[in-house]
**Student:** 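A single structure is presented below for examination.
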Amino acid sequence: MKYDFGKIEKKWQDKWEAEKPFAVSSESDKPKFYALVEFPYPSGSGLHIGHPRPYTAMDIVSRRKRMLGFNVLFPFGYDAFGLPTENYAIKNKIHPAIVTRDNIARFTEQAKMLGFSFDWDRCVDTTDPKYYKWTQWIFLKLFEHGLAYKAQIPVNWCTSCKCVLANEEVVDGVCERCGSDVVRREKSQWMLRITKYAERLADDLDTVDYPERVKIQQRNWIGRSVGAEVDFKTTAGNTIRIFTTRQDTLYGATYMVMSPEHALLNEWTPENPDEIRAYQEAASKKSDFERTELSKDKTGVEIKGISAINPVTGLEMPIFISDYVLATYGTGAIMAVPGHDARDWEFAKKFNLPIVEVVSGGDVENEAYVDCEKGVMVNSELINGLTVPDAKVKITKWLVEQGLGSEKVNFKLRDWIFSRQRYWGEPIPIVFCDKCGHVPLPVSELPLVLPDVEHYEPTETGESPLAAMTDWVSTTCPKCGGNAERETDTMPQWAGSSWYFLRYADPHNDNELASRESLNYWTPVDWYNGGMEHTTLHLLYSRFWHKFLFDIGVVPTSEPYLKRTSHGMIMAEDGRKMSKSLGNVISPDDIVGEYGADTLRLYEMFIGDFEKSAPWANNAIKGCKRFLDRVWNLACSPLDGDELISATHETAVHRAIKKVGSDIEGLKFNTAIATMMALVNDFYATAPSRGDIKALLMLLSPFAPHITEELWELQGFSSCALEQEWPSYDESKTLEAEVEMAVQVMGKLRGTIKVALDSDDDTVVKTATADDKIARFIEGKEITRTIVVKNKLINIIAK
RNA sequence: GCUGGUGUGGCGGAACAGGUAGACGCCCGGGACUUAAAAUCCCGUGGGAUAAUAUCCCGUGCCGGUUCGAUUCCGGCCACCAGCACCA
């Protein structure tokens with residue numbers, strides 16, 4: 001009988017569709033397990049060949065967990081708001097909701113074709129008003145708690161998307177999505193105070209099981225640094241507050257630098273106002289990209305007529321403005337210590353400013369002595385002779401006593417710019433009233449549904465297309481009843497994805513984002529797999545929202561995900577990224593058509609190390625198809641006999657059970673499959689029993705669920721494979737009675753011997769030295785030492 | 001520049017925790033079956049020396065070190081990938 005994968009896969013998918021074996025309820029005595037994959041953005045081009053990689057991996061994990069007796073929640077959904085849909089809608093004059101509906105239908109069909117064991121009853125769609133009602137509700141809660149606020153700020157403006165971008169969305173000075181130039185613009189924007197959670201977002205990484213590289217990347221992004229704020233008096237009367245992590249070098253500060261945007265500049269009347277204004281204007285016109293590009297060459301202007309006083313040396317120091325000091329970090333001003341900071345050193349050399357050594361051990365005339373933790377303080381009256389860490393402690397204490405400064409922790413993380421000037425996003429449920437200011441909509445008016453508009457095009461002025469909807473914009477103030485206007489910006493794509501995993505717990509609830517009971521039962525997520533590209537975006541944002549929801553008593557834990565893993569990308573055969581423009585895209589539909597879903601699933605898992613990217617190879621997929629063919633041919637006609645593992649294959653089967661199980665836990669799907677391939681090769685060498693086949697089918701079932709169900713049925717085993725208990729192994733049965741040991745002479749492999757398992761060292765040495773081959777190498781020599789590694793190797797040292 | 005990661009046959013990749021490098025698969029070669037081809041099954045397959053075998057030598061980016069023994073540990077380089085990038 002031929003392996004007709006198309007017919008078999010359809011048969012079982014229809015059965016799963018009708019019988020819903022993967023639909024779960026929280027009413028269960030079993031322990032729960034929540035497995036999560038990142039829900040996709042349903043793009044117009046359908047499922048990418050890369051999508052099935054993480055989905056299959058977590059499907060295998062989920063299917064095995066079910067077999068191990070867990071009540072497994074493995075849900076799926078769509079993160080469907082976003083620019084590509086909106087742009088497609090504009091171009092083709094179709095409503096984005098319709099585009100979204102069609103794309104979701106196609107994605108769903110494709111996902112079902114691959115046999116994932118999702119609980120489809122819990123599918124969510126972020127663009128569904130029943131869903132985004134709760135996204136809006138969370139926004140209102142953030143607003144209520146002072147974590148959402150509107151601010152006039154310089155923003156990243158994408159010249160092509162005509163939209164504000166979050167800092168995280170600007171890559172190398174260009175728009176992450178379209179690659180167009182990003183410029184600075186002053187705009188009034190909704191902001192989320194993620195900085196308030198910076199400390200906890202960094203610290204709580206210690207409590208979760210994430211890959212180290214993810215933790216490090218998040219910590220770097222949050223960028224915690226401990227230092228001090230110090231006040232410097234100026235000859236103009238007011239003081240400049242600076243942030244430094246090197247309080248110890250206070251004696252080495254020889255000038256000050258402020259960012260061109262610093263507020264104090266407006267209060268001063270320097271001798272060279274024109275020069276200053278010119279510099280400020282030039283700086284404001286530069287994009288972030290240009291600022292970085294020019295970073296090699298420091299520029300700046302001195303503020304003439306005003307100087308600052310070093311509180312410890314009494315030195316009158318010139319004050320500069322320069323764009324190497326960022327307005328958005330610390331206080332926007334620094335004390336410059338050219339002796340011990342590379343940037344200050346460069347600036348001082350260019351402007352001929354004094355360089356003072358305050359930590360000995362370097363050569364400050366030739367380069368800044370920066371990594372000077374081992375050095376000793378000099379030229380610093382109060383702290384001379386101290387090490388750098390000791391000097392920090394002492395000088396900070398002194399600053400506090402003198403009322404000149406205090407300890408301070410700063411973060412690189414900035415508040416999250418939360419508004420977008422686009423149509424296809426969640427409306428922000430706020431109205432603006434001349435009398436009452438920003439007024440939140442009452443919860444009873446949620447969801448605030450996106451109105452139908454004529455045009456979705458963004459405007460040149462940077463206003464959302466919603467702004468043209470005067471009927472919708474004009475409203476009444478919920479507080480005073482007077483005339484008011486709706487907020488016309490929408491939320492960024494990251495909003496809906498920041499809490500979707502909570503909705504899966506209770507996806508049809510109209511009264512709460514999810515019931516407390518369902519959240520108590522299902523959350524936190526036990527295992528979340530996703531891409532590295534979301535480390536500082538989605539993963540950080542959703543942790544932030546979750547902590548907030550925890551603080552206001554909505555969710556039971558402060559961290560959303562117990563364990564996070566990351567998959568590598570599937571590249572094109574040429575090693576480049578797959579993209580339409582390069583014409584190297586592989587379609588899952590074609591692969592399933594030619595080889596079947598089980599083969600595709602298997603190949604995506606076999607392709608290489610799950611955590612690393614791997615190039616697609618059309619040839620290699622044949623190996624996986626061949627493997628399934630071989631399995632099919634072994635088991636497609638009913639075998640006789642009982643369901644016990646045969647004596648012949650006992651060791652191999654028990655080893656495979658052990659290896660496949662531990663490999664799935666450790667994300668080593670490729671070696672799990674290799675183990676099963678080797679087992680099947682054994683079965684070809686020596687015919688397996690009906691019980692051997694049964695064991696193989698159970699192991700293979702999470703990987704290739706359709707063919708295994710079919711063969712299970714053909715063999716007349718009870719129930720179905722996916723409902724079996726995951727097989728257990730007996731450690732003693734994974735060992736052979738006789739082992740082959742390597743024999744080395746002087747560390748070089750010279751042969752092998754066979755001895756009984758766990759033979760004692762004497763026996764091993766005797767057997768080895770008695771071996772003809774080995775004897776030749778030790779002939780006429782004296783054995784001075786033998787090293788025996790039990791059951792593995794013996795090394796004979798002979799002179 | 002900083003932070004992380006990677007480097008193993010013609011190719012994708014294995015190798016628990018210092019112990020037989022190259023599992024498994026692809027490609028390739030040979031054989032069986034077939035009128036023939038495909039499919040399937042069996043065998044071989046890191047490089048070199050030898051006609052092949054037996055056997056020996058070399059071999060995990062490079063240079064050194066520790067060790068009976070190093071792909072694995074240590075020191076110093078090189079290359080590539082990813083993230084960050086004037087964060088005081």
Side-chain angles (χ1 to χ4, degrees), chain A residues 2 171-173 211-221 223-225 227 242-246 249 257 288 291-292 294-296 298 322-326 328-337 340-344 346-347 410-414 532-533 535-536 568-569 573 602-603 606-609 611-624 626-627 629-630 633 659 662 666 668 670-681 684-685 740-752 773 776 784-798:
Chain A
K2 200 179 157 270
V171 175
D172 293 333
E212 206 47 40
R213 56 184 174 149
V214 170
K215 289 190 183 186
I216 288 166
Q217 221 170 291
Q218 285 214 352
R219 283 205 187 93
N220 288 347
W221 189 263
R224 182 179 194 271
S225 52
I242 62 100
F243 173 73
T244 179
T245 55
R246 296 299 306 276
T249 61
V257 189
D288 270 354
R291 280 200 179 194
T292 334
L294 298 169
S295 69
K296 303 279 182 300
K298 297 269 180 295
S322 171
D323 60 9
Y324 87 86
V325 171
L326 307 173
T328 46
Y329 183 76
T331 63
I334 61 158
M335 67 173 192
V337 184
H340 303 282
D341 180 281
R343 295 149 304 182
D344 297 346
E346 211 182 299
F347 191 88
N410 252 319
F411 297 93
K412 284 191 211 173
L413 187 70
R414 292 188 231 162
M532 277 306 285
E533 70 276 17
T535 300
T536 54
M569 261 196 287
E573 278 198 86
L602 212 54
Y603 177 58
F606 187 64
I607 194 167
D609 185 335
E611 297 181 85
K612 289 187 205 140
S613 67
W616 182 267
N618 266 329
N619 252 336
I621 195 166
K622 287 182 200 156
C624 291
R626 234 169 251 164
F627 167 63
D629 281 334
R630 280 160 74 81
N633 291 333
K659 177 83 174 143
S662 63
K668 305 275 180 214
N670 51 341
T671 49
I673 293 166
T675 302
M676 290 186 279
M677 286 173 166
L679 186 64
V680 167
N681 290 345
Y684 268 76
E740 192 185 60
M741 287 180 69
V743 183
Q744 296 183 337
V745 179
M746 302 296 287
K748 283 198 172 184
L749 182 71
R750 296 300 183 186
T752 58
K773 265 192 225 166
R776 263 188 284 151
T784 53
R785 198 179 156 192
T786 52
I787 295 126
V788 178
V789 181
K790 208 164 203 172
N791 298 329
K792 282 204 166 156
L793 168 146
I794 167 168
N795 190 3
I796 300 166
I797 311 303

**Student:** Please enumerate all residues that pass side chain to side chain contact (heavy atoms under 4.5 Å, CB included) together with A:S662, with sequence neighbours excluded.
**Tutor:**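 Expected list: none.
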
**Student:** Look at the side chain of A:Q218 and the backbone N and O of A:T535, then say whether any donor-acceptor pair between them is shorter than 3.5 Å.
**Tutor:**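 At least one qualifying donor-acceptor pair exists.
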
**Student:** Between B:rU20 atom P and A:N791 atom CG, what is the distance in whole Å?
**Tutor:**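 Value for this atom pair: 13 Å.
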
**Student:** Identify which nucleotide among B:rU3, B:rA88, B:rC24 has an atom closest to any side-chain atom of A:T245, counting heavy atoms from C-beta outward.
**Tutor:**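 The closest nucleotide is B:rA88.
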
**Student:** Distance check: side-chain N/O of A:S322 vs OP1/OP2 of B:rC86, anything under 4.0 Å?
**Tutor:**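 For B:rC86, neither OP1 nor OP2 has a side-chain N or O of A:S322 closer than 4.0 Å.
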
**Student:** Between B:rC27, B:rA88, B:rA23, spot the one nearest the side chain of A:D341, thanks.
**Tutor:**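 Among the listed nucleotides, the one closest to the side chain of A:D341 is B:rA88.
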
**Student:** Among the nucleotides B:rA15, B:rC68, B:rA21, which one has an atom lying closest to any side-chain atom of A:T671?
**Tutor:**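 Within the option list, the nearest is B:rA15.
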
**Student:** Could you give the CZ-to-P distance, from A:F627 to B:rA23, as a whole number of Å?
**Tutor:**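 It is 17 Å, rounded to the nearest whole Å.
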
**Student:** Within the 4.0 Å heavy-atom criterion, would you say A:S225 contacts the bases, only the backbone, or no part of the nucleic acid?
**Tutor:**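 Contact class for A:S225: sugar-phosphate only.
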
**Student:** Anything below 3.5 Å on both distances counts as a pair; with that, list the stems of at least three consecutive Watson-Crick or G-U pairs involving RNA chain B.
**Tutor:**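 Looking at RNA chain B, the stems formed by three or more consecutive pairs are B:1-7 with B:78-84, B:10-12 with B:24-26, B:28-32 with B:40-44, B:46-49 with B:55-58, B:61-65 with B:73-77.
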
**Student:** Does B:rG4 have its OP1 or OP2 closer than 4.0 Å to a side-chain nitrogen or oxygen of A:N220?
**Tutor:**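 So the side chain of A:N220 is outside the cut-off, no N or O lying under 4.0 Å from OP1 or OP2 of B:rG4.
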
**Student:** Please tabulate the protein-to-nucleotide N/O contacts below 3.5 Å involving nucleotides 8-12 of chain B, giving atom names and distances.
**Tutor:**
residue	atom	partner	partner atom	Å
B:rG12	O2'	A:I607	O	2.6

**Student:** How about A:N681 and A:R630: does a side-chain donor come under 3.5 Å of a side-chain acceptor?
**Tutor:**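 Yes, side-chain donor-acceptor contact under 3.5 Å.
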
**Student:** Under 4.0 Å, heavy atoms only, any strand: does A:I787 hit a base, just the sugar-phosphate, or nothing?
**Tutor:**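 Answer is base: heavy atoms of A:I787 come under 4.0 Å of a base.
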
**Student:** What's the closest nucleotide to the side chain of A:F243 if the choices are B:rG13, B:rA88, B:rU20?
**Tutor:**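 Side chain of A:F243 sits closest to B:rA88.
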
**Student:** Counting the atoms with a prime plus P, OP1 and OP2 as sugar-phosphate, which does A:K773 contact under 4.0 Å by heavy atoms, base, sugar-phosphate, or nothing?
**Tutor:**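 It contacts sugar-phosphate atoms only.
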
**Student:** From CG of A:N619 over to C1' of B:rC24, roughly how many Å is that when rounded to an integer?
**Tutor:**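 Going from CG in A:N619 over to C1' in B:rC24 covers 16 Å.
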
**Student:** Which atoms of nucleotides 38-46 of chain B (N or O only) lie under 3.5 Å from a protein N or O atom, and what are those distances?
**Tutor:**
residue	atom	partner	partner atom	Å
B:rC41	OP1	A:R630	NH1	2.6

**Student:** Kindly indicate whether a cation-pi arrangement holds for A:K298 with A:Y324, taking the cut-offs as under 6.0 Å to the six-membered ring centre and within 45° of the axis.
**Tutor:**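 Geometry flag: set, cation within 6.0 Å and 45°.
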
**Student:** At 4.0 Å (heavy atoms only), tell me whether A:Q217 reaches a base, stays on the sugar-phosphate, or touches nothing.
**Tutor:**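 Since only primed, P, OP1 and OP2 atoms lie under 4.0 Å of A:Q217, the category is sugar-phosphate.
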
**Student:** Specify the separation, in whole Å, of atom CD of A:Q744 and atom P of B:rC68.
**Tutor:**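 Whole-Å distance recorded here is 13 Å.
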
**Student:** Using only side-chain N and O atoms of A:K412, determine if any of them is under 4.0 Å from OP1 or OP2 of B:rA85.
**Tutor:**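 False: A:K412 side-chain N/O out of range (4.0 Å or more) of B:rA85 OP1/OP2.
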
**Student:** Does B:rG5 have OP1 or OP2 sitting under 4.0 Å from an N or O in the side chain of A:R213?
**Tutor:**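 Negative; the distance criterion is not met.
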
**Student:** Would you please name every residue forming a side chain to side chain contact (heavy atoms under 4.5 Å, CB included) with A:A617, sequence neighbours left out?
**Tutor:**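 If we apply the side chain to side chain contact (heavy atoms under 4.5 Å, CB included) test to A:A617, skipping adjacent residues, the hits are A:E573, A:Y603, A:A620.
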
**Student:** With a 4.0 Å cut-off on heavy atoms, is A:E533 in touch with a base, just the backbone sugar-phosphate, or nothing at all?
**Tutor:**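 Since no nucleic acid heavy atom lies under 4.0 Å of A:E533, the category is nothing.
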
**Student:** I need the NZ-P distance between A:K790 and B:rG19, as an integer number of Å.
**Tutor:**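 Whole-Å distance recorded here is 18 Å.
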
**Student:** Whole angstroms only, please: what is the CD-C1' distance between A:E611 and B:rG4?
**Tutor:**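 After rounding, the gap between these two atoms is 14 Å.
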
**Student:** Hey, which of these two, A:W221 or A:R776, hits RNA chain B nearer its 5' end, going by closest nucleotide?
**Tutor:**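 The residue mapped nearer the 5' terminus is A:R776.
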
**Student:** Which of the following nucleotides, B:rC24, B:rC68, B:rC86, is nearest to the side chain of A:D323?
**Tutor:**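 Among the listed nucleotides, the one closest to the side chain of A:D323 is B:rC86.
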
**Student:** Of all the heavy-atom pairs spanning A:Q217 and A:T536, show the shortest one and how long it is.
**Tutor:**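 For A:Q217 and A:T536, the tightest heavy-atom pair comes out as O-CG2, 4.0 Å.
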
**Student:** Check side chain to side chain donor-acceptor pair (under 3.5 Å) between A:N633 and all other residues, then give those that pass, not counting sequence neighbours.
**Tutor:**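 Once residues adjacent in sequence are excluded, A:N633 has no partner under the side chain to side chain donor-acceptor pair (under 3.5 Å) criterion.
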
**Student:** Rounding to a whole Å, what distance do you find between A:K748:NZ and B:rU67:C1'?
**Tutor:**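 So the two atoms are 16 Å apart, to the nearest Å.
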
**Student:** If each of A:G623 and A:N795 is mapped to the nucleotide of RNA chain B with the nearest heavy atom, which maps nearer the 5' terminus, i.e. the 5' end?
**Tutor:**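 With A:G623 and A:N795 compared, the 5'-side residue is A:G623.
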
**Student:** Write down the distance separating the C1' atoms in B:rA32 and B:rA14, rounded off to the nearest Å.
**Tutor:**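 It works out to 31 Å between them.
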
**Student:** Which heavy atom of A:T249 sits nearest to which heavy atom of A:M335, and what is that distance?
**Tutor:**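 Result for this residue pair: OG1-CE, 3.8 Å.
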
**Student:** To the side chain of A:D609, which of B:rC27, B:rC86, B:rA14 is closest?
**Tutor:**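 So the nucleotide nearest the side chain must be B:rA14.
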
**Student:** State, to 0.1 Å, how close A:I796 and A:V743 come at their nearest heavy-atom pair, and which atoms those are.
**Tutor:**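 Scanning both residues, the minimum pair turns out to be CD1-CG1, 4.2 Å.
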
**Student:** Quick one, A:D344 and A:I334 - any side-chain contact, counting heavy atoms below 4.5 Å?
**Tutor:**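 They are in contact (side-chain heavy atoms under 4.5 Å apart), so the answer is yes.
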
**Student:** I need the CD1-C1' distance between A:I796 and B:rG69, as an integer number of Å.
**Tutor:**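 Whole-Å distance recorded here is 13 Å.
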
**Student:** Look at all strands and tell whether A:I216 reaches a base, only sugar-phosphate, or nothing, counting heavy atoms closer than 4.0 Å.
**Tutor:**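 Here A:I216 touches the backbone only, sparing every base.
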
